[in-house]
Amino acid sequence: MFKRILPALGLLVLAPLVGEYLLGNIAIDALPMIIGLIPLYGGGALLIREVARRWRLGWPGIILLGLAYAVIEEGLLTQSLFNPDYVGLRLLDYGFIPELGIGAYWTVFVLAIHGVWSIAVPISLVEAGSHRPDTPWLGKAGLTVTAVLFVLGGALIALASPAGYPLSAAQITWTLITAAALISAAFLSVRFRRPLLTAAPPSPWTVFAITIVAGLAFFLPTMTDKLQSVVPAWITVGFYLALYATMTLLILRWSRRMGWGPWHRFALSAAGLVTYAWHGFPQPPSFPAPAYVDLIGNSVFALAALGLLAFVAVRLRRAVRQLDL
């Protein structure tokens with residue numbers, strides 16, 4: 001029984017570790033905080049994974065559900081999409097859209113952060129190391145417990161988030177409508193699957209390299225404080241949208257080719273994990289920590305990420321060999 005649910009337990013822990021600690025947003029001296037993050041991050045990732053596998057939504061469905069998760073977390077729970085002075089960072093000033101009450105730059109940035117790294121990357125890695133990557137890990141009772149865990153985690157994060165910014169009825173309504181539209185799109189996406197192409201996909205190493213470059217491009221605008229005073233917001237937002245469209249079209253086309261398999265999917269998630277690993281070093285933690293503590297933590301989490309990739313690669317190699325026999 002324990003072995004059956006072990007991948008689910010692993011995903012519960014891995015999602016917050018990747019989403020906050022490997023990112024560099026929380027330093028290692030605040031590791032106990034993971035107890036409060038597991039219900040939301042882990043519960044959300046596991047709930048999305050189980051729903052997607054039960055209804056055979058595939059990876060487009062997982063990504064869309066991950067974006068819905070991001071909208072709910074940042075729109076309703078932390079409220080960073082709407083709070084102009086969230087934790088004193090003024091996240092909405094760059095590309096602020098008064099009619100919507102959001103910052104265009106922060107919106108397109110943070111939704112991708114959660115949809116890809118908080119949800120898709122942990123799911124992909126745990127599935128790659130699992131003997132049952134395409135089937136549900138939980139029964140109905142386990143799915144119900146996961147849903148309750150996620151709701152409780154959301155309530156905990158909402159209570160812990162900075163107070164003082166009341167959402168308007170319109171903001172709440174449009175957040176719920178957007179999340180519902182993304183969830184609906186996830187379930188409708190199964191109707192638009194197209195036949196496989198006969199052309200061979202690029203090698204997993206090529207997929208890895210291109211995704212690494214895309215990750216570098218994604219974080220490049222965040223690496224300098226002067227960007228917002230030099231580059232107009234609409235150019236930065238357009239850059240992000242073009243990057244998303246390019247990678248989405250590439251991956252969709254690659255995944256339709258004969259020969260696309262588990263090593264290609266592993267290459268995508270491995271590149272995502274490596275991207276967060278290097279980004280953790282220049283990223284200042286949200287909760288103040290001594291520089292040496294931050295450096296030690298970033299090093300520990302980066303080495304742990306590389307160790308996880310090696311572990312998953314060994315298990316994946318064994319699974320592929322068994323399929324070939």
Side-chain angles (χ1 to χ4, degrees), residues 14 18-19 22-24 58-64 66-67 70 105 108-129 133 189 192-224 227 231 235-283 301-302 305-314 316-317 320:
L14 184 62
V18 173
L22 185 63
L23 170 65
W59 275 102
I62 290 176
I63 294 296
L64 289 167
L67 291 174
Y105 164 74
V108 300
F109 178 79
V110 76
L111 295 187
I113 284 283
H114 286 306
V116 174
W117 279 279
S118 298
I119 300 298
V121 169
I123 290 175
S124 179
L125 286 172
V126 177
E127 285 192 342
S189 65
F192 298 96
R193 292 177 182 172
R194 303 176 68 182
L196 295 175
L197 300 173
T198 56
S203 71
W205 282 111
T206 300
V207 172
F208 177 82
I210 292 175
T211 309
I212 284 287
V213 172
L216 178 62
F218 178 81
F219 280 112
L220 212 54
T222 70
M223 306 305 290
T224 173
L227 171 72
V231 181
I235 292 181
T236 304
V237 172
F239 167 77
Y240 274 117
L241 295 178
L243 179 63
Y244 300 163
T246 299
M247 289 305 297
T248 299
L249 292 174
L250 276 178
I251 294 171
L252 286 175
R253 187 167 182 82
W254 289 341
S255 62
R256 287 178 54 218
R257 295 182 178 183
M258 297 291 292
W260 178 268
W263 282 114
H264 296 89
R265 291 188 290 272
F266 175 71
L268 288 171
S269 56
L273 202 69
V274 170
T275 296
Y276 254 26
W278 69 255
H279 177 267
F281 288 90
Q283 169 71 25
F301 292 130
L306 295 177
L308 174 63
L309 292 179
F311 173 77
V312 173
V314 170
L316 185 58
R317 183 178 293 110
V320 171

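These values consider heavy atoms only, across backbone and side chains, with no hydrogens, waters or symmetry-generated copies.
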Might you point out which heavy atoms bring Val320 and Pro262 nearest each other, and give the distance in Å? CG2-CG, 3.9 Å
Plane angle bin for Trp205 and Phe208 - parallel if under 30°, tilted between 30 and 60°, otherwise perpendicular: perpendicular
Testing the basics here: between Leu316 and Ala128, what is the closest heavy-atom pair and its distance to 0.1 Å? CD1-O, 3.7 Å
Look up atom OG in Ser189 and atom CD1 in Ile63, then write down how far apart they are to the nearest 0.5 Å. 11.0 Å
Given side chains that start at C-beta, do those of Ser124 and Leu268 come closer than 4.5 Å, heavy atoms only? no
Under the rule for side-chain hydrogen bond (donor to acceptor under 3.5 Å, both in side chains), what residues qualify as partners of Thr211, not counting sequence neighbours? none
Partner of His279 by ring-ring contact (aromatic ring centres under 6.0 Å, His included), out of Phe219, Phe301, Phe218: Phe219
Closest contact, heavy atoms only, Leu22 versus Ala277: CD1-CA, 3.7 Å
Tell me the closest heavy-atom pair linking Pro221 and Thr236, and the distance in Å. CB-CG2, 4.4 Å
Enter the distance from Ser118:OG to Leu23:CG here, rounded to the nearest 0.5 Å. 8.0 Å
Can you tell if the side chain of Leu309 reaches within under 4.5 Å of the side chain of Val274, non-hydrogen atoms only? yes
Could you check whether the rings of Tyr244 and Tyr240 sit parallel, tilted or perpendicular, using 30° and 60° as the cut-offs? tilted
One pair to check against side-chain contact (heavy atoms from CB on, under 4.5 Å): Val108 and Phe239. What are the steps and the verdict? CA-CA 10 Å; Val108 300; Phe239 167 77; over 6 Å; no
The reported gap from CE in Met247 to CG in Leu243 (rounded to nearest 0.5 angstrom) is 7.5 Å
Within-4.5 Å side-chain heavy-atom neighbours: Val207 and Trp263: no
Return the CD1 to CH2 distance between Ile123 and Trp59, rounded to the nearest 0.5 Å. 5.5 Å
Return the minimal non-hydrogen interatomic distance between Val121 and Ser269, and the atom names on each side. CG1-O, 3.8 Å
Ser255 side chain to Ile251 backbone, donor-acceptor under 3.5 Å: yes
Using only atom types and a distance under 3.5 Å, with no angle test, would you say the side chain of Arg257 pairs donor to acceptor with the backbone of Ala200? yes
As an exercise, state the distance from OG1 of Thr246 to CG of Leu250, rounded to the nearest 0.5 Å. 6.5 Å
Is the side chain of His114 donor-acceptor paired with the backbone N or O of Leu111 at a distance under 3.5 Å, no angle test? no
Heavy-atom check, side chain of Trp117 versus side chain of Thr275, under 4.5 Å: yes
Nearest heavy atoms of Phe266 and Val312, plus distance in Å: CE1-CG1, 3.6 Å
Intermediate values then yes/no, side-chain contact (heavy atoms from CB on, under 4.5 Å), Ile212 and Leu216: CA-CA 6 Å; Ile212 284 287; Leu216 178 62; 5.6 Å; no
Side chain to side chain, Thr222 and Phe109, heavy atoms closer than 4.5 Å: yes
Here the gap from Thr206 atom OG1 to His264 atom NE2, rounded to the nearest 0.5 Å, amounts to 8.5 Å
Are Trp254 and Ile210 close enough that some pair of their side-chain heavy atoms sits under 4.5 Å apart? yes
